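One structure below.
A quick note: this is a predicted structure, and the numbers were derived from the prediction, not measured.
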Amino acid sequence: MLGKISKQDPELNIVLTEMNKVDIPPALDGGGIDFGLGPVSLANGSYENLSIYSEPLLYVSNEKNTKPVPLRDLEDEPLVLVPDDCGLAETVRTLFRDHQLRLKEYEGRALSYHILERWALIGIGSTLLPASKVSDISHARPIDDNSGGFVTIKFQATWAKQQEQRPTFMNIFDSFTFKQDGEVERPSFH
């Protein structure tokens with residue numbers, strides 16, 4: 001997407017900034033950022049959002065096994081989570097709530113995905129991570145969503161509605177979509 005944006009407007013200066021999800025709304029409101037990207041929707045009366053891609057959410061444990069694990073088998077298993085800053089913990093809680101499963105959260109919190117994976121590998125508890133964040137795939141398993149598919153984590157672009165008035169907004173917005181046979185298709189990673 002960044003390459004496509006740069007080709008459409010070579011004069012546009014793209015700057016990436018990592019921030020916690022609670023910092024995104026004030027940055028959008030104040031014009032400090034044009035888009036917030038993350039797994040949690042911030043859409044409300046002031047913001048719009050668009051799903052831009054998804055990727056598998058994987059179960060990581062100290063067991064070497066790459067066979068899919070049924071989501072229902074994770075009920076009451078201690079899962080290590082990050083604090084609520086980035087959206088992953090909220091995504092995991094929503095997943096369990098939507099499937100009417102009990103979530104047993106490990107009492108401690110890791111501050112990064114890397115530490116979540118390390119703690120899972122040494123047996124403190126298991127964790128769920130986006131596939132792109134897993135470094136040891138031999139300990140990662142796809143999660144069967146109990147209906148024949150696999151669990152994914154979806155990422156969204158969020159912007160303040162007033163952004164739509166800016167001349168370069170549509171160029172950037174168009175980079176989030178791809179057209180195939182006249183249909184708008186969102187990027188997806190599998």
Side-chain angles (χ1 to χ4, degrees), residues 1-58 60 81-98 109-117 127-135 140 143 145 149-190:
M1 287 183 289
L2 293 176
K4 190 174 179 183
I5 292 168
S6 295
K7 285 180 187 175
Q8 288 177 351
D9 188 350
E11 301 298 315
L12 188 64
N13 185 21
I14 299 170
V15 178
L16 299 178
T17 301
E18 184 177 29
M19 60 180 51
N20 293 324
K21 73 176 183 178
V22 298
D23 298 326
I24 293 174
L28 287 169
D29 293 341
I33 62 172
D34 296 320
F35 292 94
L37 304 174
V40 177
S41 173
L42 299 173
N44 65 21
S46 301
Y47 309 118
E48 295 287 342
N49 69 321
L50 173 70
S51 292
I52 55 172
Y53 78 95
S54 65
E55 64 179 271
L57 188 64
L58 301 177
V60 180
L81 300 174
V82 288
D84 293 332
D85 298 337
C86 74
L88 178 62
E90 184 177 336
T91 298
V92 171
R93 289 185 192 110
T94 300
L95 172 68
F96 275 73
R97 185 175 52 251
D98 288 352
R109 292 288 183 261
L111 291 179
S112 69
Y113 293 166
H114 171 76
I115 298 301
L116 280 179
E117 184 179 24
T127 196
L128 304 183
L129 285 172
S132 63
K133 302 300 179 185
V134 175
S135 63
I143 305 165
D145 69 3
F150 293 107
V151 173
T152 61
I153 184 169
K154 295 179 173 111
F155 292 86
Q156 300 181 40
T158 302
W159 62 92
K161 286 182 178 181
Q162 70 263 18
Q163 289 290 83
E164 296 171 4
Q165 306 305 312
R166 292 180 50 220
T168 58
F169 177 82
M170 286 311 294
N171 283 345
I172 296 169
F173 182 81
D174 287 342
S175 298
F176 291 136
T177 61
F178 296 92
K179 294 187 183 200
Q180 181 176 14
D181 300 328
E183 296 292 321
V184 174
E185 183 178 291
R186 309 294 184 245
S188 178
F189 300 99
H190 300 283

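Atom CD1 of Ile143 and atom OG1 of Thr152 lie 10.0 Å apart (nearest 0.5 Å). Here the OH atom belonging to Tyr53 is positioned 8.0 Å from the CD1 atom belonging to Ile153, to the nearest 0.5 angstrom. Atom OG1 of residue Thr158 and atom CG of residue Leu50 lie 9.0 Å apart, to the nearest 0.5 angstrom. Note that the CZ atom of Arg109 and the CG atom of Leu116 stand 9.5 Å from one another [nearest 0.5 Å].
Summarising the geometry of Ser135 relative to Glu117, their closest heavy-atom pair is OG-OE1, 2.8 Å, with the distance given to 0.1 Å. Of all non-hydrogen atoms in Leu88 and Val82, the two that sit nearest each other are CB-CG2, 4.2 Å. Minimum heavy-atom separation, Leu28 to Asp34: CD2-O, 3.7 Å. Of all heavy-atom pairs spanning Ala89 and Pro83, the tightest one is CB-O, 4.2 Å. The nearest pair of heavy atoms linking Cys86 to Pro39 is O-CD, 3.6 Å.
Side-chain contact between Met19 and Ile33 is present, with at least one heavy-atom pair separated by less than 4.5 Å. Residues Leu58 and Leu129 have side chains not in contact (no heavy-atom distance under 4.5 Å, counting atoms from C-beta outward). No side-chain heavy atom of Ile24 sits less than 4.5 Å from a side-chain heavy atom of Tyr47. The shortest side-chain heavy-atom distance between Asp84 and Glu90 does not fall under the 4.5 Å cut-off. Side-chain atoms of Phe155 and Thr91, non-hydrogen and from C-beta on, never get closer than 4.5 Å to each other. For the pair Leu57 and Pro130, the minimum side-chain heavy-atom distance is below 4.5 Å.
Other residues, nucleotides and ligands place no more than 12 heavy atoms under 6.0 Å from the NZ atom of Lys154.
Taking the six-membered ring where tryptophan is involved, the planes of Trp159 and Phe35 are perpendicular, since the angle between them exceeds 60° and thus also 30°.
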